[in-house]
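Comments concern the structure below.
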Amino acid sequence: MTLKPLIFSLGLILFCSSPRALDIEKIQLPDMGDSAGAIISPAQEKEFGEAFFRNLHQQTEINQDVEIQQYIQNIGRQLASHSDTPSNPFHFFVVMDPNINAFAGPGGYIGVNSGLILLTEAESELASVMAHEIAHVTQRHLYRSIEKASKMSIPTVAATLAAILIGTQSPNMGQAALMAIQAGNIQFQIDFTRDHEKEADRVGMQTLAGANYDPRSMPTFFERLQQSTRYYGKGVPEFLRTHPVSENRVADTRGRAEIYPYRQYPDSLAYLLTKAKLTVLSAQDKRTPLQHFTTLEMQGTPEQRAVARYGIGLVYLENQQYAAASEIFQKLTEQYPAQPQYISALARAAMDAHDYEKAGKLFEKAINTFPNNDALKIQYTRSLVKNSQPQRAKQVIQSLSDSEKDQPYYYELLAQIFADLKQPGESHRYMAEYYYASGETEAAIMQIRLAKQQNDLSFQLQAILNERLNFFLSEEESRRAER
């Protein structure tokens, strides 16, 4: 499938410059479309977004922790439901990168870096970033800048956009990726306009307030970003040098926020627990988060002290101190039986200690308490696979919501389950889908061919394998023809 001529403005990066004072009045945007008036179709946009997300998996580390994924999806959906186009499809995810960044890609794919989440001091600050990116999507800022995509296939355009994104975080990697996938003198012109940022701030703040988050968090977070640049000196990241948060932008968003009545907006426990887990996952030296949480253990509210103990337990878990971790998680589970993260951590401690029977019982108890929690179901499935119960694992994983059934870890688990069930054709089929979702089409082709070599394939499975093989081969041929 070839991408028709279009103009594509990423609206991609959060912190774009705004060198003049911004007005509060509604911004009139130009009509979306290319110079010929063509508009990308919803089907193309969906395909474009999926290809973009696959390439991100190949070029950067997308967080695969199901609890973190569930949290960022929940907050994103809450915001999107209060946007001006709530029916627009959105996909929210976390990039494991310490750089302060957030972006909106094609098809409503919105990523937030772990570094940005850890910089926030309130849940509403994180929500303000995501609301801003949602506004880039709903206001159709994504289709105005790339003029030369008419002769390139969707996979190649998506790969280039992913490389541009990596280039904003790691210039050397981005340049290498661009050189590898661009042909001739093809060059994408990314244009971050003041009007786009102005519109995203205004519309995003309306979404923020409608979703019951603090509108004042937007200027507060911008101000902290502005202040943080003063400490970089000559080593300031390229992104913050070229896209500063200006005084005008802070003042404008603060003026807009004052329209809304003041009140308290408490952080959810899920936000605090997500930050605690990211703090541990992001630390190369686990002594640093251990010292951090030990200091916080005697401060704040009972819930905040519990989160600090949870962080200490996670450090113990990372250090394979399973008994110490289990003791902490057991007490937290008894104190806060309505918080699924605590019993999940207790079950994971048992699983990491290879006590799969105990882990299975804990996960089953948790799912009975929280029957709609997909994060628990995925972890329970993993424990069942490790405990050689593939049939039960298959039943649990099939009960996941549809939104979880396009994630790489879903396909990988299915491949493991069917291998244990002695169905190699199905196992290779789902490994192919895992590789494809991870941006590795050649590996996916190999898995389909391995599946087709198996005996006793049903007519239906043969048809599925033939269709997927033709699709993967066609995509690879299009990509190679453009290099």
Side-chain angles (χ1 to χ4, degrees), residues 1-3 43-44 46-64 69 91 93 95 105-107 109 152-163 165-166 177 180-181 378 381-382 385 390 394 397-398 400 402-483:
M1 184 175 184
T2 301
L3 188 64
Q44 280 183 312
K46 180 177 183 293
E47 186 178 352
F48 199 3
E50 291 171 351
F52 175 77
F53 193 49
R54 286 195 300 274
N55 277 280
L56 282 181
H57 278 88
Q58 197 172 27
Q59 298 186 36
T60 191
E61 182 183 355
I62 306 298
N63 179 272
Q64 296 297 306
Q69 174 66 13
H91 312 269
F93 57 95
V95 178
Y109 283 85
M152 298 176 68
S153 70
I154 284 178
T156 300
V157 177
T160 306
L161 291 175
L165 169 62
I166 299 303
I181 61 179
I378 292 167
T381 301
R382 287 173 177 158
V385 169
K394 182 181 175 183
I397 201 171
Q398 287 176 337
L400 290 173
D402 290 342
S403 63
E404 291 297 325
K405 293 181 179 179
D406 58 357
Q407 298 293 334
Y409 49 71
Y410 168 76
Y411 296 121
E412 186 177 31
L413 275 172
L414 274 177
Q416 293 172 351
I417 289 167
F418 280 110
D420 291 344
L421 290 171
K422 310 301 182 186
Q423 298 181 42
E426 291 282 12
S427 180
H428 286 301
R429 167 199 173 185
Y430 284 109
M431 276 306 295
E433 298 299 344
Y434 164 75
Y435 281 122
Y436 182 64
S438 302
E440 301 181 48
T441 308
E442 290 184 2
I445 291 170
M446 180 181 296
Q447 289 295 320
I448 291 291
R449 285 175 170 159
L450 287 171
K452 286 171 64 65
Q453 294 174 10
Q454 306 305 312
N455 297 323
D456 301 325
L457 296 177
S458 68
F459 176 81
Q460 182 182 17
L461 181 55
Q462 289 183 42
I464 291 172
L465 294 174
N466 289 334
E467 188 276 329
R468 296 306 282 165
L469 180 60
N470 290 335
F471 176 80
F472 295 154
L473 287 171
S474 176
E475 185 165 301
E476 274 299 295
E477 288 173 4
S478 297
R479 193 193 304 274
R480 289 172 181 169
E482 291 160 358
R483 289 181 180 176

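Predicted model only: the values in this text are computed from it and were never measured.
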Sequence neighbours excluded, which residues qualify as side-chain contact (heavy atoms from CB on, under 4.5 Å) partners of Thr441? Tyr436, Ile445, Phe472, Glu475, Glu476, Arg479

Would you confirm whether the ring centroid of Phe52 sits within less than 6.0 angstrom of the ring centroid of Tyr109? no

For the atom pair [atom1] ([X]) and [atom2] ([Y]), what is the distance rounded to the nearest 0.5 Å?
| X | Y | atom1 | atom2 | result |
| --- | --- | --- | --- | --- |
| Leu465 | Gln460 | CG | CD | 10.5 Å |
| Leu421 | Lys394 | CG | NZ | 6.5 Å |
| Leu413 | Thr381 | CG | OG1 | 6.0 Å |
| Leu414 | Tyr409 | CG | OH | 12.5 Å |

Sequence neighbours left out, what pairs pass salt bridge (charged side-chain N to carboxylate O under 4.0 Å, His left out) with at least one residue falling in residues 461-472? Glu433-Arg468

Any salt bridge (charged side-chain N to carboxylate O under 4.0 Å, His left out) involving residues 404-421? Give me the pairs, sequence neighbours left out, ordered by first then second residue. none

Kindly indicate whether the side chain of [X], heavy atoms from C-beta on, has any atom under 4.5 Å from the side chain of [Y].
| X | Y | result |
| --- | --- | --- |
| His91 | Phe53 | no |
| Gln64 | His57 | yes |
| Gln453 | His428 | no |
| Ile417 | Glu426 | no |
| Glu50 | Lys46 | yes |
| Val95 | Leu56 | no |

Is a donor on one side and an acceptor on the other found under 3.5 Å between the side chain of Gln58 and the backbone of Arg54? no

Do you know which two heavy atoms are closest between [X] and [Y], and how far apart they sit?
| X | Y | result |
| --- | --- | --- |
| Asn63 | Gln69 | OD1-N, 4.4 Å |
| Ser427 | Phe418 | N-CB, 3.7 Å |
| Ala443 | Tyr435 | CB-CG, 3.6 Å |
| Gly425 | Leu461 | C-CD2, 4.2 Å |
| Gln462 | Leu457 | NE2-O, 3.1 Å |

Ring-plane angle category for Tyr411 and Tyr430, please: parallel below 30°, perpendicular beyond 60°, tilted otherwise. parallel

